[in-house]
Each structure stands twice: as structure tokens, then as C-alpha cells.
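Counting convention: from 1, in listed order, for ligands and their atoms alike.
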Amino acid sequence: MPENLTTQVERQRQYIAGGTMSLNRAINPSKLFVRAEGAYLYDADGKQYIDYHAGFAPYLFGHGDKEIDDAVIDAIRSGASLIGAGTMPWEAEIAELITGCVPGIEQLQLTSTGSEAVGYALRLARAHTGRDVVVVMQGGYNGCFDYVSYNLMDPASFVEPHRPGEEYPLSVTTAGVPKVIDQIVRAIEYNDLEAAERTLAKGDVAAIILEPILQNIGIVKPLPGYLEGLRALCDKYGTVLIFDEVKTGFRHALGGYQSLSGVTPDLCTFGKAVANGYPMGVVGGKREIMSLCAHPSPAKRVVIAGTYNGHPVNVAAAKACLTRLKTREKEVYGELERLGARLEAGLNEVFAKRNYPTTIVRQGSAFAVYFMDHAPVSWRDVVLNHDAERDINFRRALIEKGVFQFPVITKQGSISLAHTDADIDRTIELAETVVSTLN
Ligand SMILES: Cc1ncc(COP(=O)(O)O)c(C=O)c1O
């Protein structure tokens, strides 16, 4: 390890609990990144990397986008500040902008993170239904709070005995979740409508929450009819359907993935690309549910509160981001699709020459390479069929060559508008070099 990296890692271990801020950022190989610009990251030795990690996906316009940063600087200099009392004009502006774009949002509240937005969506669903149980997806990620800290990426030994149509046993992903929460969480397989029906038929489920495409485990898409089926089941059993669009959100379409799928959830959450890397979350949905925030009875009122909610800096970033997406919608999503298709085609050519199976799955600018012979439909499918060792070796070898994809299996790659054809072609070239040296 270079000396500056060793020193940094030692300092971190001494003073930072767990060694890194946000424990999901720990990586092997260790890296000390000091700067990011456009489509690139730079480490402490000045080495440049083409970045497809994009800070876990927010950077739709690339790092340090001038237009968005200028809007932020203007907001800071204009006297817009965290007043924290009453209402401020930028609140209505961003709320109108978002509700005008996303079909499933009639009213909303802003938070600082996606996790908070999810926490409030669940609270609203419970208040609306008078029920407590939450259903999560095996392999789905919905942030860091207790109710969704279950069944993340369990090993083959855990998922193998599972049968379609059944609930999973619970597998908690962090210490410290009160045992009592186990009684009000259930986990089922994504793309398994029979399991959804069985669990919802018990009549006690407040909400079913899912990423409409499972993007914590690459790109696992809904089978035809799956989201429609969930919509119908939620209507039948009086359960709130929550789409967690924190990752899919504005990356795939201005109206979220819901606008592409044609399935409108009751509530939905956004984050990440909404503000191109500035910290903002959105929880929104049907007026009937969201208006619980203003219920005249304190017993029925849902409280959403946060010192930094609607912070003018984040709102300025989101306004700049969404205005640009709205005014140049076709151009932006067309370009992301074009870049994505170019990368997909190039990588397919690279892997076509190998004697092992690969499947590239892509939704616009988000992609994943699976070392298996079909596009996965669930985490179970991934863990039982994907060659995890080949995946991690591929990622690490690419990092050494100057292409950064997160070195954890299945993590999605994210292309931004800062990537150029030359970046994509260079990535394909380096992938060719890398795979020819790997078994
Ligand atoms: C689908 C999804 N939901 C929620 C979250 C949590 O968002 P945040 O990290 O901003 O709290 C994430 C973060 O990766 C996510 O991918």
C-alpha cells in the first residue's frame, strides 16, 4: 500500500468507528480518493479513474456539475438560509416541480436522506391503515433504519431451502434492532406474486415496500405483470404500495420508474439523483395519505420534522437538477440511453469471446454484469447462479486499470452525462485487457 494510504487508513481506524464513514463504503482494495470531477475520480497519487460508482448513484450529471453548483452558490449568497420557521418560497417551488413530474406524488415532504424518506413513508402507511406489518423484499435495500434492516444479501445456504410462494425467515442485517420489530416485518422474494398474495391475505400488512427494479443487487427487473400484480393485491387487501425510487428515481425518467412501468404506487420515496449528490430525500404520494400530516386530530396526525428538511442549499441543487431534466428531458434521457447502449454492446462483444456465461442487464444509464446465463429475477437467482468470484476479480482488475466500479459483487454501474464516448470506449478497451488475463 502506498505510504499516504497506509497512514490515512491507520488514522481512520484509530478515530472512526468501523474505519470509514458510512460502513458500506469500506472497500478492498483500499483507496484514498481526494477529488472528483465530471466522470472521473482521482486518488492521492493523482491517478485518474473513470467513475461508474458515482457515489452509489446520485451523479446523473457527473461530479461538480457547474450549473448545479452555481445554483447552490447563488442560494448561499442570496441570503437564502436555514431559517427554520414558517415557510420559505423555495419550498413551494420544489414541491410544485416534483409533483408536476412524478405521477404518484400529489403531495410531498422533503428530508435530508433517502432513509428518512423511507422511515416516514412507513409511518404514513401505518397511520393510514391502522396496521403495523411491513413487507420487504429479499435482496432489496431501503435504507438503514430498523424496519427495513432485514434480508439484504443473504448467502446461498440461507436462500436455498426457500420455496416460491413462501415467506422467508427473517435475517436481520445489523445488531441493535429491537427483537420486537421481528414481529412486524416479513420478507418475501421479489417477482414472487404468490408469496405477496399469501402474506397480504393475512390482512395485517400496512405496507409493502420495494425498489421497483432491485438496484441494490445490480439491475433485477420486474417480470411482466409483477408490479401490476402487486398494485392489484394492495388494492384488494388494503395495503399501501410503496415504491422506493431512491435509486431508480430521476435516473431512469423524470417521472421515476413508475412513469415507465405505468404502475402508480400509493407512496414513493426519492433521493440520490434528485439533487445530483446534494443530500435530499423526498417522501410523497396520494393526497389522502400525505394529508395525514395535517390531520386535525393529534392522535391521527403524522409528524414529519427535521431541522434540515427543505434546506435551501439542497433545494437549490434539486431545482437546478430537475429544471434541467424537465427542459431537456428527451435530450438527457436519450443521451444516457445512447451511452448505456454503447457500453452494453461493447461489453457484450468483450464477453462473447469467453467460455463462461455473462449477462449484461441495463436500464438506461444503470448497468450490471452478471456472470450467469440469464438475467436474474431475484436475489435467490443471483446467489445461486452468479459467479461471485469472477465478478469481484473483474471489478478489482478494472480498478487497477483505472475504471472504478464498486468492488462488491453485483453493485450497479452508473453512467452520467459527464461520460463521453471516449470514456465508454476506453472502458471497453480496458475490460478487454482485463478479461483476457482472468480465467
Ligand atoms: C433504494 C434505496 N432506498 C433507500 C436508500 C437510503 O438512502 P440514503 O443513503 O440517502 O439514506 C438507498 C441508498 O442506497 C437506496 O438505494
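- Applying the ring-ring contact (aromatic ring centres under 6.0 Å, His included) rule to His311 yields no partners; only residues at least two apart in sequence or on another chain are considered.
- A donor-acceptor contact closer than 3.5 angstrom links the side chains of Gln48 and Tyr42.
- Taking the six-membered ring for Trp and the full ring otherwise, His252 and Tyr333 have centroids separated by 6.0 Å or more.
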Tell me which donor-acceptor pairs under 3.5 Å the side chains of residues 281-290 have, and how far apart each pair is, sequence neighbours excluded?
| from | atom 1 | to | atom 2 | distance (Å) |
| --- | --- | --- | --- | --- |
| Lys286 | NZ | Asp266 | OD1 | 2.6 |

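- Protein residues lining ligand 1, listed by chain and number: Thr113, Gly114, Ser115, Tyr141, Asn142, Gly143, Glu211, Asp244, Val246, Lys247, Lys272 [non-hydrogen atoms, distance under 4.0 Å].
- Within the structure, salt bridge (charged side-chain N to carboxylate O under 4.0 Å, His left out) contacts touching residues 81-94 (residues at least two apart or in different chains) are Glu93-Lys319.
- For Arg231 and Glu228, the salt-bridge test fails: no basic side-chain N is under 4.0 Å from an acidic carboxylate O.
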